[in-house]
Participant: 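The structure under discussion is supplied below as structure tokens; questions concerning it will follow.
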Amino acid sequence: MDTVRKMWNKGVEDARNKGPDTSIDPELQDTLRGRALHALKFFTFHPSTPSSVVSVALEEAFFSCAASSSLFSGAKSPFPIMSTSGVRDASDVRYPDETFSGFVKNLPVIPQEFHEQAKSIVDTLRRRGMLKEITFADVLQELRDRPLSEVEMIACFKWWVKMYTQGSSTNLDYVRTELLNAAVLSIEETDNAGKIIPLSTIESFLNSRSIGSLIITDGPLPPHLLPVSISRHFDPPSLMTAFKWRELSVVEWLRHVANPPAPHDPEHDLHLSAQWAERVLTQLSRASQSLSKNRLDEIAAILREHACVPTSCGLKKPEEAYFQNAHVFHDLPVVTFPSGVAVKGPLEKFLQVIGVRKHVALQIVVNR
């Protein structure tokens, strides 16, 4: 096993010299795992006859010798065994669990062929407490060591939701906090720059099964929002109970669109882009049919402060814009959407709510 360990480490070193992302040669891995598996088969103790005491005594003697091995000096009960990361002490290796396979990648576990072809010795190590199951501490270590891809994070979420639902931890609030503080999401973007999101910054999610489906997702979104590519794989109650996140409201989204912490790009600036303003107002008019009066009042209060209504004279504040039937002067700012869509029905009603005028004030007529 010591020879196998040295050969594996040499293979890892040679691979790194070829490139940082190069892994050990698969053929060499198979060869070394075969040698380690062959050796383990000789450390298997079967029941002896006529007295079973003999095999028990031999097994005890063997593991007593293993405890005095110098291969892994410093370990409490050193026992070298092959793992997915080479030869390690059994105390540093875990028994594989399909539940974690989707996101725990760096943790050394027993290779598939070992718990199939050397089941007896693997079971013995588990029975003696030398080979342990994957623990929450192992999961935390994996999350602290590297960011997870979207696919891996979805697998991690599914594991946590199941664990939370089953109540398999005595202190779920503490465990959840530790999990969120450790987990980091890596998102690949079209420009290959990538984006890193610590889960500790997440506070909300988008519910695509409610009015939240009307929120525009290809524009600016609050930084505390869980990426939609993740949230769409889970039902809202799971995200609310297992993670204590809230559903992003239309009002909260509008506040971010209208009053961002940092300026949006011109294409998504409510004060600069008539096309973007039209999209926002159109979506809000659709959402308004399902919103309470208090919510509509909040939306109206936000929009009245911004020149966001496309008119024949550019973007204007709602109170400075007029409907087509009020067109009594040639230079009056009449609502005119870039797409040419007719202002009627729910859209007209919504624009009235936020303050667009149907009539020209008498004093303006007198002044003219």
Side-chain angles (χ1 to χ4, degrees), residues 74-77 83-85 88-110 115 122-123 125-187 195-207 209 212 222-249 252:
K76 185 176 181 181
S77 299
S83 74
T84 51
S85 300
R88 301 287 185 91
D89 182 71
S91 63
D92 297 325
V93 182
R94 299 291 181 263
Y95 188 77
D97 186 335
E98 191 65 27
T99 305
F100 302 94
S101 62
F103 65 100
V104 178
K105 307 288 188 180
N106 292 347
L107 181 68
V109 298
I110 296 294
H115 60 83
V122 169
D123 288 347
L125 291 173
R126 294 178 70 189
R127 187 180 71 249
R128 289 176 167 270
M130 299 169 70
L131 180 64
K132 301 184 183 300
E133 307 294 323
I134 297 176
T135 66
F136 181 66
D138 297 324
V139 173
L140 284 182
Q141 189 59 52
E142 180 87 13
L143 297 179
R144 288 167 180 156
D145 286 347
R146 66 183 185 90
L148 301 189
S149 67
E150 292 181 65
V151 173
E152 291 172 331
M153 191 62 77
I154 290 169
C156 180
F157 275 25
K158 288 180 178 178
W159 159 74
W160 170 247
V161 168
K162 182 179 179 181
M163 187 167 121
Y164 186 90
T165 303
Q166 295 176 343
S168 51
S169 175
T170 55
N171 194 345
L172 289 171
D173 290 337
Y174 171 78
V175 173
R176 178 181 53 249
T177 301
E178 290 291 298
L179 178 73
L180 295 179
N181 286 338
V184 176
L185 173 64
S186 174
I187 297 180
K195 186 178 181 182
I196 299 296
I197 303 175
L199 281 199
S200 58
T201 64
I202 300 299
E203 300 172 4
S204 62
F205 66 92
L206 189 64
N207 183 359
R209 304 172 191 177
H224 56 71
L225 180 71
L226 179 70
V228 180
S229 57
I230 304 289
S231 60
R232 63 187 178 87
H233 291 275
F234 300 89
D235 60 272
S238 295
L239 296 175
M240 286 189 282
T241 56
F243 295 96
K244 301 302 180 185
W245 291 330
R246 67 179 185 276
E247 182 180 337
L248 181 71
S249 70
E252 192 173 10

Participant: Identify the heavy atoms of Trp245 and Leu199 that sit nearest to each other, and give their distance.
Facilitator: CZ2-O, 4.4 Å
Participant: State whether the side chain of Asp92 and the backbone N or O of Arg88 hold a donor-acceptor pair below 3.5 Å, judged by distance alone.
Facilitator: no
Participant: Could you go step by step and tell me if Glu252 and His224 meet the side chain to side chain contact (heavy atoms under 4.5 Å, CB included) rule?
Facilitator: CA-CA 11 Å; Glu252 192 173 10; His224 56 71; 3.2 Å; yes
Participant: What are the two closest heavy atoms between Lys158 and Phe234, and how far apart are they?
Facilitator: CG-CE2, 3.6 Å
Participant: Quick one: does Met130's side chain get under 4.5 Å of Ser91's, heavy atoms only?
Facilitator: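 The answer is no; the side chains never approach within 4.5 Å.
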Participant: Identify the residue among Trp159, Tyr164, Tyr174 that makes a side chain to side chain contact (heavy atoms under 4.5 Å, CB included) with Leu179.
Facilitator: Trp159
Participant: Answer yes or no: is there a donor N or O on one side and an acceptor on the other, between the side chain of Glu142 and the main chain of Lys105, under 3.5 Å?
Facilitator: yes
Participant: Can you tell me how far OG1 of Thr201 sits from CD1 of Ile196, rounded to the nearest 0.5 angstrom?
Facilitator: 11.5 Å
Participant: Could you grab the distance from atom CG of Leu148 to atom CD1 of Ile187, nearest 0.5 Å is fine?
Facilitator: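 Going from CG on Leu148 over to CD1 on Ile187, the span is 12.0 Å.
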Participant: Given 3.5 Å as the limit, does a donor-acceptor pair link the side chain of Glu152 with the main chain of Ser149, or not?
Facilitator: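 It does hold such a pair.
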Participant: Measure across Trp160 and Arg176 and return the closest heavy-atom pair with its distance rounded to 0.1 Å.
Facilitator: CZ2-CB, 3.5 Å
Participant: Do Leu225 and Ile202 have side-chain heavy atoms sitting under 4.5 Å apart?
Facilitator: no
Participant: So how far is it from Asp97 CG to Thr135 OG1, rounded to the nearest 0.5 Å?
Facilitator: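 OG1 of Thr135 is found 11.5 Å from CG of Asp97.
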Participant: Can you tell whether the side chains of Glu133 and Arg94 come within less than 4.0 Å, N to carboxylate O?
Facilitator: no
Participant: Where do Arg246 and Glu203 land on the side chain to side chain contact (heavy atoms under 4.5 Å, CB included) test, with the steps shown first?
Facilitator: CA-CA 7 Å; Arg246 67 179 185 276; Glu203 300 172 4; 3.6 Å; yes
Participant: Give, for atom CZ of Phe205 and atom OG of Ser231, the distance between the pair rounded to the nearest 0.5 Å.
Facilitator: 8.0 Å
Participant: Between Val175 and Phe136, what is the shortest heavy-atom contact and its length?
Facilitator: CG1-CZ, 3.3 Å
Participant: Hey, what do you get for CZ (Arg126) to NE2 (His115), rounding to the nearest 0.5 Å?
Facilitator: 9.5 Å
Participant: Which heavy atom of Pro227 sits nearest to which heavy atom of Leu185, and what is that distance?
Facilitator: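 Of all heavy-atom pairs spanning Pro227 and Leu185, the closest is CG-CD2, 3.7 Å.
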Participant: Measuring centre to centre across the rings, with the benzene-like ring taken for any Trp, is Phe243 within less than 6.0 Å of Phe157?
Facilitator: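 Close enough - the centres of the two rings lie under 6.0 Å apart.
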Participant: Nearest 0.5 Å please: distance from the CG atom of Asn171 over to the CD atom of Glu178.
Facilitator: 10.0 Å
Participant: Can you name the closest pair of heavy atoms from Ile154 and Ser229 and give their distance?
Facilitator: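 In terms of heavy atoms, the two residues are closest at CD1-O, 4.0 Å.
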Participant: List the residues meeting side-chain hydrogen bond (donor to acceptor under 3.5 Å, both in side chains) with Glu247, not counting sequence neighbours, and say none if there are none.
Facilitator: Asn207, Ser210
Participant: Is it true that a side-chain atom of Thr84 and a backbone atom of Val109 form a donor plus acceptor pair closer than 3.5 Å?
Facilitator: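 Yes.
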Participant: Apply side chain to side chain contact (heavy atoms under 4.5 Å, CB included) to the pair Ile197 and Val184, showing each step before the final yes or no.
Facilitator: CA-CA 6 Å; Ile197 303 175; Val184 176; over 6 Å; no
